[in-house]
Amino acid sequence: MGNRAMAVFIACFFTVLAAYSIRYSYGTLMPEMLPDLDITKAQAGSIYASYFFAYTLFSPIIGRLADRYSIRLIISFFDGHHGLGTFLMQYGRPCSGRPAFFFGLSGWDAPRVGRP
């Protein structure tokens, strides 16, 4: 296997690893974060649901973009966007709705990983 093929394989592995760890880590860590953030289960659930709502809503749009343009371009552009939405969650107060918006921002570009 050449250097380029190995680099593509490593990039694909880390893209999938980051996408799935962002998707499932919040739900796994949520029970432990409730007392520290002083939020209810309903507020935490709305933050978590915003990711999957955005994921479902934007899946056809991201699929069309991937069909029209290069899948490499779509994956490259949205990798940074996916991490940015998750990073910005720390700047929102739980009662303000901003964490739900930022986690949804991270979720709307997640369908790029599920493409064959």
Side-chain angles (χ1 to χ4, degrees):
M1 190 179 321
N3 289 339
R4 181 175 168 86
M6 185 58 78
V8 169
F9 178 73
I10 291 171
C12 290
F13 174 76
F14 283 116
T15 298
V16 170
L17 180 71
Y20 283 103
S21 65
I22 288 170
R23 180 182 303 174
Y24 295 117
S25 65
Y26 183 77
T28 304
L29 300 174
M30 183 174 49
E32 298 297 326
M33 294 188 304
L34 291 176
D36 294 334
L37 296 176
D38 194 31
I39 59 176
T40 64
K41 289 183 180 180
Q43 290 170 326
S46 68
I47 294 170
Y48 194 55
S50 69
Y51 181 91
F52 291 103
F53 178 74
Y55 181 89
T56 304
L57 187 66
F58 286 99
S59 286
I61 297 168
I62 300 297
R64 287 287 183 144
L65 285 174
D67 289 341
R68 177 172 281 233
Y69 302 105
S70 170
I71 188 69
R72 286 183 272 173
L73 176 70
I74 300 299
I75 289 175
S76 300
F77 176 74
F78 286 124
D79 271 346
H81 189 269
H82 196 70
L84 181 67
T86 307
F87 176 75
L88 289 175
M89 279 182 62
Q90 68 180 332
Y91 293 112
R93 291 188 330 263
C95 296
S96 68
R98 280 185 274 171
F101 173 75
F102 291 139
F103 205 45
L105 185 71
S106 178
W108 76 268
D109 61 352
R112 83 210 184 292
V113 179
R115 304 271 311 164

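For clarity, every value in this text was computed on a predicted model and none was experimentally measured.
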*Just jot down the side chain to side chain contact (heavy atoms under 4.5 Å, CB included) partners of Tyr69, sequence neighbours excluded, or say none.*
Leu65, Leu73
*Closest approach of Met30 to Ala44 (non-hydrogen atoms, all atoms of both residues)*: SD-CB, 3.2 Å
*What class does the angle between the rings of Phe52 and Tyr55 fall in, given that below 30° is parallel, 30 to 60° is tilted and above 60° is perpendicular?*
perpendicular
*asked:* Determine whether a donor-acceptor pair (N or O, by modelled atom type, separation under 3.5 Å) exists between the side chain of Gln43 and the backbone of Thr40.
replied: yes
*To the nearest 0.5 Å, tell me how far Leu34 CG sits from Leu29 CG.*
11.0 Å
*Heavy atoms of other groups near Tyr48 OH, more than 12 under 6.0 Å*: yes
*Asp36 atom CG, neighbour heavy-atom count above 12 within 6.0 Å*: yes
